[in-house]
There are 2 protein chains.
Amino acid sequence: MWLEGWKRNQYTFRNLVSTEGLPGKGAAMTDKTAWIEEDAEGRRHARDACAEPCAIERGMRIVGGKWTGSILWHLKDGPVRFNDLARMIGGASKKMITERLRQLEDRGLVKREVLDTSPVSVTYEITDLGRTALGFLDGLRQWSESLPRDLHVD
Amino acid sequence: MWLEGWKRNQYTFRNLVSTEGLPGKGAAMTDKTAWIEEDAEGRRHARDACAEPCAIERGMRIVGGKWTGSILWHLKDGPVRFNDLARMIGGASKKMITERLRQLEDRGLVKREVLDTSPVSVTYEITDLGRTALGFLDGLRQWSESLPRDLHVD
DNA sequence: CGGCATCCACACGGATACTG
DNA sequence: CAGTATCCGTGTGGATGCCG
């Protein structure tokens with residue numbers, strides 16, 4: 001269960017407490033919007049709170065890492081060799097590219113293939129699973145381009 | 001121009017060099033897919049490389065921060081008070097919530113409003129600009145939920 | 001070419017305490 | 001209630017060098 005390993009802090013704990021003994025407790029892993037209820041004593045409780053982390057957060061941690069989205073995006077048209085990928089993604093160091101590629105590979109979004117040429121060449125290809133992410137990545141791209149040019153980032 | 005302030009490394013520099021003197025140089029801020037060309041001497045150059053960072057990367061740095069997407073998402077149904085937001089987003093500390101909210105406010109995606117009640121209450125509301133992000137955030141959510149449950153995150 | 005190893009600064013983010 | 005302030009460990013990520 002993917003909830004395991006996520007740290008819980010005061011709020012999480014509160015939520016857990018507040019859902020204790022309630023119908024449906026612990027099963028609220030859906031992503032319905034949370035809301036707040038007030039009980040007879042005026043205490044406020046969260047209902048259907050984001051099951052730490054909710055789908056949005058979970059998704060962001062998979063493709064939201066630095067350079068991760070860019071890498072995936074640049075693989076959409078076919079296999080790309082390592083150094084070419086590095087050339088395409090200006091600003092990212094080889095170390096970063098490597099790390100993110102390994103991560104994407106571990107999660108099955110990207111496939112690594114070594115061709116026995118000399119010198120050796122390695123290509124990275126987006127998998128079918130990885131391809132399912134391209135949809136909203138394109139949404140993100142369009143949104144990003146629609147933003148005011150002078151919006152400062154960093 | 002939002003390119004200012006972004007660090008450029010070896011790859012970026014190479015890209016800049018390789019486009020020197022070419023038609024359209026410096027104007028390639030679109031997000032067409034980059035490709036690699038090989039010249040007569042066998043040297044490889046990037047064409048239309050991601051103008052560091054490309055739209056994907058830029059977008060990610062606006063809404064891809066830890067908890068940022070979740071916060072925005074939980075504001076979609078109307079104004080929410082600070083502590084309620086904290087209750088909804090299990091796992092995030094008040095410090096994080098505050099920081100991300102300030103950032104979202106600076107970028108005009110969220111509006112902060114102080115009501116003069118006692119004790120004081122503050123609500124956060126998504127702006128029209130912020131609302132434009134909800135589309136692909138929902139895409140992200142759907143994608144995330146479609147993923148294998150056992151995909152390990154972190 | 002496609003990395004990995006190492007070093008290191010600094011930003012991120014959690015915990016805790018305090019405040020108007 | 002809605003934060004701010006402070007401390008401080010840890011992770012992230014850049015720079016550099018080396019290798020088969």
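These numbers come from a predicted model, not from an experiment. Heavy atoms only: backbone and side chains are in, while hydrogens, waters and symmetry mates are out. Below, chains carry the letters A, B, ... as their sequence lines are ordered, and counting in each starts from 1.
Between A:T123 and A:V114 there is no side-chain heavy-atom pair separated by less than 4.5 Å. At a threshold of 4.5 Å between non-hydrogen side-chain atoms, the residues A:R141 and A:L137 do not count as touching. Inter-residue side-chain proximity for B:V122 and B:E113 is flagged as unmet; no heavy-atom pair is nearer than 4.5 Å. Between A:E57 and B:K66 the shortest side-chain heavy-atom distance falls below 4.5 Å. Using a 4.5 Å heavy-atom threshold, the side chains of A:C54 and B:H74 count as touching. By the 4.5 Å heavy-atom criterion applied to side chains, B:R58 and A:E145 are not counted as neighbours.
Atom-to-atom, CD of B:E113 to P of D:dG3 comes out at 13 Å; the value is rounded to the nearest Å. Rounded to whole Å, the distance from OH on A:Y124 to P on C:dG2 is 8 Å. As rounded to whole Å, 15 Å separates atom P of C:dG2 from atom CD of A:E105. Rounded to whole Å, the distance from CD1 on A:I97 to P on C:dG3 is 11 Å. Taking atom NZ of B:K94 as the reference point, atom P of C:dT16 lies 14 Å away to the nearest angstrom.
Contact annotation: B:R81 does not reach the phosphate of D:dC1 (side-chain N/O to OP1 or OP2, under 4.0 Å).
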All N/O pairs under 3.5 Å across the protein-nucleotides 5-12 of chain D interface:
none

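Ranking C:dG3, D:dG20, D:dA2 by closeness to the A:R112 side chain, first place goes to C:dG3. Nearest to the side-chain atoms of B:R87 among the listed nucleotides C:dG2, D:dC1, D:dT4 stands D:dC1. Closest to the side chain of A:S93, out of D:dG14, C:dG2, C:dC4, is D:dG14. Between C:dG3, C:dG2, D:dA2, one nucleotide has an atom nearer to the side chain of B:S121 than all others, and that is D:dA2. Residue A:N83 has its side chain nearest to C:dC1 when only C:dC4, C:dC1, C:dG20 are considered.
Under the ring-ring contact (aromatic ring centres under 6.0 Å, His included) criterion, B:F136 pairs with A:W143, not counting sequence neighbours.
At its two ends the helix from C:dC1-D:dG20 to C:dG20-D:dC1 runs along axes set 50° apart, each axis drawn from five pairs and the angle rounded to 10°.
Checked options B:N83, B:L115, B:D116; the residue passing with B:S121 is B:L115 (criterion: side-chain contact (heavy atoms from CB on, under 4.5 Å)).
Remark: A:R61 is positioned above the aromatic ring of B:W67, its terminal NZ or CZ atom under 6.0 angstrom from the ring centre and at most 45 degrees off the axis.
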